[in-house]
There are 2 protein chains.
Amino acid sequence: MPRSPSTADPADTSLRQQVYVSLREALTAGRFAPGQKVTFRYVAGVLGVSLTPVREALRRLVAEGAFEMQPNRSVRLPLMTRAKVLELRDMRMALEGLAAEKAALAASRDQIAAIRRAAREIVAARSRGDGVTDRQKVREFHFAIYAAAGQPTLLRVIEGLWLQTGPYMNLLYPDFVASPRGPAGRLRIIEALQARDAATAGREMQQDIGRALTYVADLADDTGNIAPARPLPARRRRGVAAGADAFELRAT
Amino acid sequence: MPRSPSTADPADTSLRQQVYVSLREALTAGRFAPGQKVTFRYVAGVLGVSLTPVREALRRLVAEGAFEMQPNRSVRLPLMTRAKVLELRDMRMALEGLAAEKAALAASRDQIAAIRRAAREIVAARSRGDGVTDRQKVREFHFAIYAAAGQPTLLRVIEGLWLQTGPYMNLLYPDFVASPRGPAGRLRIIEALQARDAATAGREMQQDIGRALTYVADLADDTGNIAPARPLPARRRRGVAAGADAFELRAT
DNA sequence: GGATGGAATTTGTGATCACAAATTTGCATT
DNA sequence: AATGCAAATTTGTGATCACAAATTCCATCC
């Protein structure tokens, strides 16, 4: 068993890995617009490396579905149609439900404490209106559970699915939080983990994900346009294109 | 939606893709031994290409979990422990069950006919003792169903999971067939698809996979050794290493 | 005889180059 | 002003090279 079951191996210091992590973070932070074309040389230029590591990092992200390759051999951020959101919803319900079941059976006292802490921090951040911390802690809450399941392959696949939904969850963030989701669902999950009740933990996790992504699906049409209920603050236009913000290579 | 939802895009004529397909086939055919190290230059030499396309193809397979990268930065075929088989079993039950449900709702008359045909050919091949055709048709039967579900992302992830179990299913083939699996389960699946009974189709698919992989799990120990009930015909030793057979670049 | 240390070899990584496919640009024509 | 077409530019692909990390080999020593 490799030391790090996650895809972001901190022991890997290769440029390829650094580029991969940078792109992943930029993706999660919503710094690519839907349908935006990403060229190898542009990424290489921004990060100050040659094409070689960029190629490998970008190709990996294509393999993971985070980017898509077009027939004319250019790489773009995929558009998110309503059908694709629903497909991802059902896959995430199945796999993250499974992970929650496993976590209920395997989570240690310390791991449950960490999960509970993340849940508290979500509430705190949301009451402050701190969206960045909110999203970060939501992710932390979920992955603390999935890591506690102790299933490295399952974890890797779930990470891949988040990578595909991530950019859009971010794009729709204000609406997403306004959706009917309070801390109650999370508390029920934690309770089930504590009680080692795998069936309930799985079911509650499925409901949580199902509600969230059904809501997101209703914001997407069939042509790949995402339509936020309220217009987004600035520079982010719906539809294709819009200029890319630069992203920096994380500190080494 | 890309023309080919599968990972093996026939329209892609790049060397990278050809190397990827070659490695994939060699993997599925069991031409790599568990734990066997695979060097870039060896693959490049056998296929008569430079390192560049080999790197990208092999890295993609690492990203898909078909190979694993060691801390000393060499690429190997992962060992298959009992725990990993069980993990893959549960993931496959969840996702292939989901795919069967979707297929029950979406499969066309023609698609169901193709599924039925594959099921018949499995029976025929098995009665002839034709293992190669048997395995091929089993794969065809399953993927005909998953393709009928019309969910490209789901299909891609399932293909990735098969790529991880494939080499070992092959290794254990004689035992696997001897396991208590007849055509009955497959017929029940087809019946459910025909009746558009999603719940039953999903449940039957889960049972089929659950039975098969539980059986395989019992043949694996915790150290990564696969122990066939009867010794395998020849040159294939259990445990680490054993020389690699060459594999050829498919006709272009 | 087995352990040890350093040289020789193997092997992955990143940069660079040549080239062909795709895209954009710019100009001429209707 | 819209259209067609060729030149110019952009961009992905594959090969090659230099280099450092890892591995193997082999002589030497206890």
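Naming: A, B, ... by sequence-line order, numbering from 1 per chain.
Side chain to side chain, A:Glu25 and A:Tyr20 fail the donor-acceptor criterion of an N or O pair below 3.5 Å. With 3.5 Å as the limit, one finds a donor-acceptor pair spanning the side chains of A:Ser14 and A:Asp12.
For B:Leu47 and D:dA15, the CG to C1' distance is 15 Å, given to the nearest whole Å. Here D:dT23 presents its P atom at 11 Å from CZ of B:Arg76, a figure rounded to the nearest Å. Atom CD in A:Gln17 sits roughly 15 Å away from atom C1' in C:dG12 (whole-Å rounding). One atom, CZ of B:Arg41, and another, C1' of C:dG12, lie 7 Å apart when rounded to the nearest Å. When the C1' atom of D:dA21 is taken as reference, atom CG of A:Leu15 falls 15 Å away, rounded to whole Å. When rounded to the nearest whole Å, the span between CD of B:Glu56 and P of C:dG12 equals 15 Å. A straight line from CG of A:Leu58 to P of D:dG12 spans 8 Å, rounded to a whole angstrom. Taking atom OH on A:Tyr42 and atom C1' on C:dT23, their separation rounds to 19 Å, with Å as the unit.
Residue A:Ser14 is the one, among A:Ser14 and A:Lys37, whose nearest nucleotide of DNA chain C lies closer to the 5' end (criterion: closest heavy atom). Between B:Ser74 and A:Leu51, the one whose closest nucleotide on DNA chain C sits nearer the 5' end is B:Ser74.
Contacts of B:Arg55 with the nucleic acid, taken as non-hydrogen atoms under 4.0 Å apart, include base atoms. Among the heavy atoms of the strands lying under 4.0 Å from A:Thr52 is at least one base atom, whether or not backbone atoms are also near.
Put simply, A:Arg73 has no side-chain N or O that comes within less than 4.0 Å of OP1 or OP2 on D:dT13. Contact between the side-chain N/O atoms of A:Arg59 and the OP1/OP2 oxygens of D:dG12 is not found at any separation under 4.0 Å.
Partner of B:Leu95 under the side-chain contact (heavy atoms from CB on, under 4.5 Å) criterion, out of B:Val157, B:Ile209, B:Leu155: B:Val157 alone.
In this structure, B:Arg139 fails the cation-pi test against B:Phe141, since its NZ or CZ atom is not both closer than 6.0 Å to the six-membered ring centre and inside 45 degrees of the ring normal.
In this structure, the side chains of A:Met169 and A:Leu213 come closer than 4.5 Å at one or more pairs of heavy atoms.
Taking every side-chain heavy atom of A:Phe40 into account, D:dG12 is the closest of C:dT16, C:dT13, D:dG12.
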